[in-house]
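Reading through the structure tokens given below for one structure.
Numbering starts at 1 and runs along the sequence shown. Counting starts at 1 for both ligands and their atoms, in listed order.
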Amino acid sequence: MKTFSHERLAALARDRGMPDEYLRDLRVVSCVLPFKVNEYVADQLIDWSAAPDDAIFRLTFPHRDMLPPEVFDGIAALHDTDAPREVLRKAAADAQALLNPHPGDQLEANVPTLDGHRLDGLQHKYAETVLVFPSQGQTCHSYCGYCFRWAQFVGIAELRQALRDPAQLTAYLAHHPEASDVLFTGGDPMIMKTQVLGRWIEPLLDPAMETVRTLRFGTKALSYWPARFTTDADADDLLRLFERCVAAGRHVAVMAHFSHPRELETPVVREAIARIRATGAVIRAQAPLVAHVNDEAAVWSRMWQLMVELGVLPYYMFVERDTGARSYFGVPLGKALQIYTDAIRGVSGLARTARGPVMSAAPGKVLIDGVSTIAGERVFALRLLQARDPELVGRQFFAAYDPTAEWFDDLRPALGSWFPGQHLSREAELVSAGAR
Ligand SMILES: *Cc1c(COP(=O)(O)O)cnc(C)c1O
Ligand code: SF4
């Protein structure tokens with residue numbers, strides 16, 4: 001797999017006909033935020049005749065509006081005058097610090113302990129699911145411009161949140177029989193060679209680990225590198241591994257990240273989906289709703305309909321987190337709800353398994369369930385789909401309607417409603433902050 005970032009990314013864009021003015025924007029923005037594109041994304045997903053407005057181009061390539069204008073101008077001035085490397089690096093670091101690199105302090109939150117030791121690289125926020133960040137899986141085949149892990153990819157957040165030893169996972173799960181699901185995440189766990197992945201998975205198939213019922217893999221490989229499941233040297237081994245999981249009575253859930261219907265249209269992704277399904281694994285799909293890429297109801301209707309036809313189950317529509325190029329990709333909650341509702345109206349019940357818009361916020365997964373006027377007051381009706389405290393799952397609450405609100409922290413209780421997190425101290429809130 002050939003990948004392109006920094007100067008090689010600029011050369012790729014130039015070779016595909018992007019003008020010099022754009023190449024300058026690309027270089028300036030990639031001083032601050034991480035970008036990586038591979039040959040599949042460049043050759044088969046991006047429609048270069050529509051760039052820079054093409055959705056996949058917007059998803060994966062820099063844009064000047066990803067930085068606040070004054071930050072862009074500052075870095076651009078240094079870039080244009082060939083400022084010394086150190087000066088540019090310092091300005092980039094200052095810019096990164098402005099972009100909320102540690103949303104919800106998730107690097108530190110919900111990290112469990114075993115025998116009194118922190119298990120950095122595990123997250124156990126909701127009783128039934130343990131998240132694993134295998135150290136070998138902390139990058140991706142390409143990067144999404146909106147990624148909430150961008151700070152790790154530019155190296156300003158330590159990759160502390162990564163587990164090296166599969167035995168630590170197994171030991172933790174043996175002590176936590178309530179965890180029926182193990183979710184491998186990253187980065188992208190499918191970046192790992194099958195042999196490496198097998199070292200994580202095989203021990204969980206042991207009869208002694210009967211409490212683990214579902215193996216989930218959070219991945220964008222179907223979008224960014226479907227050859228992982230077709231022609232890569234160890235693609236067949238991966239499918240055999242899935243089959244062994246299924247034969248051991250486990251449910252294999254490929255949690256695929258699809259941002260746009262085009263990602264479902266190439267022959268190779270279709271073959272990859274068919275091959276995964278033939279193992280008995282089930283593919284479920286989720287993605288954030290982001291401006292410039294998929295902020296139209298018709299895009300989601302088409303994507304969900306294609307998924308149903310291909311045997312992929314629509315799962316979550318997320319709200320983009322408040323970090324990185326948020327000002328570029330963010331969509332207000334009220335607009336997100338409108339897009340979700342219109343998209344759901346455009347498909348049959350089979351595609352309405354997609355829940356959203358959902359914020360993976362500090363207290364839990366918060367569903368924006370509707371906008372209502374109650375006793376003369378305009379409110380968001382909200383619901384906790386997930387909560388640290390299982391007692392709170394399903395709990396409804398209300399927030400004052402605010403057309404500019406883009407994230408949970410922007411919301412205020414309405415109608416004297418109970419509100420999650422309100423009873424918590426600031427420290428307890430930080431501890432309860434977590435990843436999506
Ligand atoms: C979303 C999420 C899960 C999985 O939740 P489901 O609703 O079961 O898909 C688990 N852990 C964390 C921290 C999450 O954000
Ligand atoms: S695939 Fe996921 S982890 Fe990787 S860049 Fe995209 S959003 Fe980030």
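Of the polar atoms of Lys125, none of the N or O atoms is found under 3.5 Å from an N or O of ligand 1, judged by distance alone. Any N or O atom pair closer than 3.5 Å counts here, and Arg355 shares no such pair with ligand 1. An N or O contact shorter than 3.5 Å links Lys365 to ligand 1 by distance. Note: no N/O pair closer than 3.5 Å links Glu128 and ligand 1 by distance alone. The distance criterion of under 3.5 Å between nitrogen or oxygen atoms is met by Tyr316 with respect to ligand 1.
Ring geometry for Phe57 versus Tyr22: interplanar angle of 30 to 60°, hence tilted. Taking the six-membered ring for Trp and thresholds of 30 and 60 degrees, Tyr146 and His257 have ring planes inclined between 30 and 60 degrees apart.
Only side-chain heavy atoms of Arg216 come within less than 4.0 Å of ligand 1; its backbone N, CA, C and O stay farther off. By the criterion of a heavy-atom distance under 4.0 Å, neither the backbone nor the side chain of Leu385 is placed next to ligand 1.
Listed by atom number, the atoms of ligand 1 under 4.0 Å from Gln386 heavy atoms are 5 (O), 6 (P), 7 (O), 8 (O). Atoms of ligand 1 found under 4.0 Å from any heavy atom of Ser360, numbered from 1 in the order shown, are 15 (O). Close approach of ligand 2 to Cys144 (heavy-atom distance below 4.0 Å) involves ligand atoms 1 (S), 5 (S), 6 (Fe), 7 (S). Within ligand 2, counting atoms from 1 as listed, the ones closer than 4.0 Å to a heavy atom of Lys220 are 1 (S). Short contacts between ligand 1 and Tyr315, defined as distances under 4.0 Å to a heavy atom of the residue, involve ligand atoms 6 (P), 7 (O), 8 (O), 9 (O). Under a 4.0 Å criterion applied to the non-hydrogen atoms of Leu131, ligand 1 contributes the atoms 10 (C), 11 (N), 12 (C), 13 (C).
Both the sub-6.0 Å distance and the 45° axial angle are not jointly satisfied by Arg388 relative to the ring of Tyr126.
Ionic pairing of Asp181 and Arg216 is present here: one or more N-O contacts between side-chain nitrogen and carboxylate oxygen are shorter than 4.0 angstrom. Ion pairing between a basic and an acidic side chain is recognised when a charged N comes within 4.0 Å of a carboxylate O; Arg412 and Asp402 show no such pairing. Arg270 has no carboxylate O lying under 4.0 Å from a charged side-chain N of Glu309, or vice versa, which leaves the two without a salt bridge. In this structure, Arg89 does not pair ionically with Asp94, as no charged nitrogen and carboxylate oxygen lie closer than 4.0 Å. A salt bridge is defined here as a Lys NZ or Arg NE, NH1 or NH2 lying under 4.0 Å from an Asp or Glu carboxylate O, and Arg275 with Asp236 meets this definition.
Remark: distances from the non-hydrogen atoms of Leu183 to ligand 1 are all 4.0 Å or more. Put simply, part of Gly187 is less than 4.0 Å from ligand 2, judged by heavy atoms. Residue contact check for ligand 2: His257 places a non-hydrogen atom closer than 4.0 Å to it.
For atom 4 (Fe) of ligand 2, the set of nearby N, O or S atoms under 2.8 Å includes one belonging to Cys140.
Sorted by first and then second residue, the side chain to side chain donor-acceptor pair (under 3.5 Å) pairs involving residues 34-48 (not counting sequence neighbours) are Arg16-Asp43, Lys36-Thr139, Tyr40-Thr266, Asp47-Ser49.
Remark: the Thr323 side chain and the Arg149 side chain contain no N/O donor-acceptor pair separated by less than 3.5 Å.
Residues that satisfy the salt bridge (charged side-chain N to carboxylate O under 4.0 Å, His left out) test with Arg213, not counting sequence neighbours, are Glu210.
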